[in-house]
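Just so it is clear, the structure is predicted and the values come from calculations on it, not from any experiment.
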Amino acid sequence: MEIFEKLECLNGVDTDLNHVQRENYLLFCSNIKRCVGKEGTVDMFKRLFFAEHVGDMYDACHAPIMTCKNGNVEVGTPCIFATMHYGPYKAIGRYLLSRGISLCIPVTQRVYDTQKDSFEQSLSDLVDDRTNVVFVNVEKRSGLISLFKYVRFGYSLLIYLDGNSGIGGMSRDDEKLEDFHFFHETIKIRKGVQFLADKLSLDVMPILATLGDCNKEPYIELFPAISSRECGIRKMWSFFCEYMKNDIAQWEGWCYVNSFFKYKHNETKVTTSSEPIKRFNSERYDFVITDTQYLYDKANSSKVKLSKGLFDLLYTLHSHDCSIDVSNIGKPMLALDLQKSQILI
């Protein structure tokens, strides 16, 4: 399907409860609202899809090499190329290989098992006997040793700062994760890049791919290298956040940054009266239908399964902007729960 057809298919995602991308759209919007304080839109969601499609185009075998806006990287001392899942980011690997850079790409066990072969295939026209690009499973016991070995052989590392799944995932709670003030939220970020830069004495070079302005070709942007002594992980995240402000929709992370939140709950205090007449809290809750009916909590990026009867009642209140006397609900405990959860206010 052509990209413009795919984008057309996103029309109505904000109103069609059965839309295949409905839940992803609500997650995208609720995370933007929670972190940045602005409303996500269908056009912003489409821009993310468009960025991913452009990335796929430039990532295919024999695809053109994306141009670099501000000069070109040159072969030299190995470094860490640090990037984010932003814009058409899949073009970065092909660009670096086309410049003669040998790349070592650290990945998790899941990515190694499910995506390594496709990555290698997309890069095969730029790879000499698969020796100038290697993927290292960092969850193997020998993973760190392999990174050290390849750096000694002249390979540079390509690392995604927002690749937070890492060893142990986000469930771990130790010194390998650090708090970071991400716009209006506090998230947990991994310190792996900082650790590797220090242990390997490698400078860090930020690099991004972006769609840029409308009606212009996408491009890669290089930024001045940060010495291994100065490359604190917060400094790098702050740099990327500042860059992202100009076009936040291009960051893929809006679809999963909620898994990085330090505080999982973000309940906005709503003033409620003791009066029995209540309305549906449309500011916090929305609806989605997949295998069954769900109420989507935009404050916490989560969903709750509903019976069809309760779903129909709440959706009627929402769609008709009407109120209900909670004494008429018939089940006192249910009525109380709906008010405690601020579903009815």
Side-chain angles (χ1 to χ4, degrees), residues 1-10 43-76 78-107 111 114-135 154-163 205-225 240 243-244 246-253 255:
M1 186 185 296
E2 292 294 328
I3 180 57
F4 295 108
E5 293 179 39
K6 289 183 179 179
L7 296 180
E8 283 295 315
C9 288
L10 293 177
D43 284 343
M44 291 171 68
F45 195 52
K46 286 183 176 182
R47 187 155 176 80
L48 173 61
F49 262 66
F50 185 66
E52 291 178 348
H53 174 77
V54 172
D56 289 339
M57 287 173 53
Y58 279 90
D59 186 44
C61 184
H62 299 293
I65 304 300
M66 191 174 287
T67 57
C68 187
K69 177 182 179 180
N70 48 349
N72 275 308
V73 65
E74 301 297 338
V75 177
C79 69
I80 297 176
F81 291 100
T83 189
M84 302 276 274
H85 291 90
Y86 181 89
Y89 61 84
K90 292 180 181 177
I92 292 174
R94 286 184 61 80
Y95 166 76
L96 292 174
L97 287 172
S98 75
R99 299 298 304 170
I101 306 295
S102 293
L103 283 180
C104 174
I105 306 176
V107 295
V111 172
T114 62
Q115 300 180 40
K116 183 178 82 75
D117 289 346
S118 62
F119 286 156
E120 289 179 340
Q121 175 59 35
S122 67
L123 301 171
S124 60
D125 59 314
L126 299 171
V127 175
D128 301 324
D129 298 324
R130 298 191 177 181
T131 57
N132 56 338
V133 60
V134 291
F135 295 85
Y155 286 72
S156 290
L157 305 182
L158 174 60
I159 297 180
Y160 290 84
L161 294 186
D162 52 350
M205 182 172 288
I207 182 171
L208 284 168
T210 179
L211 294 177
D213 299 329
C214 295
N215 302 319
K216 291 186 178 180
E217 289 291 321
Y219 57 85
I220 284 170
E221 199 161 359
L222 284 166
F223 302 91
F240 283 120
Y243 185 94
M244 195 191 305
N246 298 319
D247 193 349
I248 63 171
Q250 290 192 60
W251 187 46
E252 181 186 282
C255 294

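- In this structure, Asn70 contributes its side chain and Leu222 its backbone to a donor-acceptor pair below 3.5 Å.
- For the atom pair CG (Leu96) and CD1 (Ile65), the distance works out to 10.0 Å, reported to the nearest 0.5 Å.
- Pairing each heavy atom of Ala249 with each of Arg47, the nearest pair is CB-CB, 4.2 Å.
- A distance of 13.5 Å separates NE2 of His53 from CG of Leu48, quoted to the nearest 0.5 Å.
- Residue pairs meeting the salt bridge (Lys or Arg N to Asp or Glu O under 4.0 Å) criterion with at least one partner in residues 50-62, sequence neighbours excluded, are Asp56-Lys90.
- Rounded to the nearest 0.5 Å, atoms CD1 (Ile80) and SG (Cys104) are 10.5 Å apart.
- Atom-to-atom distance recorded for Leu103:CG and Asn132:CG is 8.0 Å, nearest 0.5 angstrom.
- Between the side chain of Ser156 and the backbone N or O of Cys79 there is at least one donor-acceptor pair closer than 3.5 Å.
- Here the shortest heavy-atom pairing between Met84 and Leu161 reads SD-CB, 3.7 Å.
- With hydrogens and angles disregarded, no donor-acceptor distance shorter than 3.5 Å links the side chain of Arg99 to the backbone of Asn72.
- In this structure, the side chain of Arg94 engages the main chain of Ser122 through a donor-acceptor pair within 3.5 Å.
- When each of Tyr89, Phe223, Tyr95 is paired with Ile207, the side-chain contact (heavy atoms from CB on, under 4.5 Å) condition holds for Tyr95 and for no other.
- For an aromatic pair to be called close, the ring centres must be under 6.0 Å apart, and Phe119 with Phe135 satisfies this.
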